[in-house]
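The structure under discussion appears below in the form of structure tokens.
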Amino acid sequence: MSERSKIHLVMGGRVKDPRGLDFENLDQVDLVGVFPNYEEAEDVWRSNAQRTVDDAEMKYVIVHLHKLLEPELPAED
């Protein structure tokens, strides 16, 4: 898979437990965007995570969409 194809989704929302990924209201999840590489996704994730740092129940994550689309590929980013 080319570097260009390694797409990442940044999303966030209110979680039931700050230690987990069980989002409370899926219809209110903030789908920030899809990014062509991890570095860009990380920059956007960091910005959103820092903006909500005082709210322990808000969590932003990076989803490696390329790993979901082609799970048989090696685990390199």
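The first residue in the sequence is number 1, and the count goes up from there.
Using a 4.5 Å heavy-atom threshold, the side chains of R51 and Y60 count as touching. Put simply, the side chain of M58 does not reach to within 4.5 Å of the side chain of V15, judged on heavy atoms. Looking at heavy atoms from C-beta onward, V10 lies out of side-chain contact with D30 at the 4.5 angstrom threshold. Side-chain atoms of V61 and L9, non-hydrogen and from C-beta on, never get closer than 4.5 Å to each other.
Interatomic distance, CG of N48 versus CD1 of I62, reported as 10.5 Å (0.5 Å rounding).
In this structure a side-chain-to-backbone donor-acceptor pair under 3.5 Å is missing from N25 to Q28.
Among all heavy-atom pairs drawn from R19 and K59, the shortest one is C-NZ, 4.0 Å. Here the shortest heavy-atom pairing between P18 and A56 reads CB-O, 3.3 Å. Heavy atoms only, all atoms of each residue included: V63 and M11 are closest at CG2-SD, 4.1 Å. Scanning both residues, R14 and D55, for their nearest heavy atoms gives NH2-OD2, 2.9 Å.
Linking Ile, Leu, Val, Met, Phe, Trp and Tyr residues whenever their side-chain heavy atoms come within less than 4.5 Å places L65 and L26 in a single cluster. Both L31 and L68 are part of a single hydrophobic cluster, where members link through side-chain heavy atoms under 4.5 Å apart.
Annotation: H8 is in aromatic contact with Y38 [ring centroid separation under 6.0 Å].
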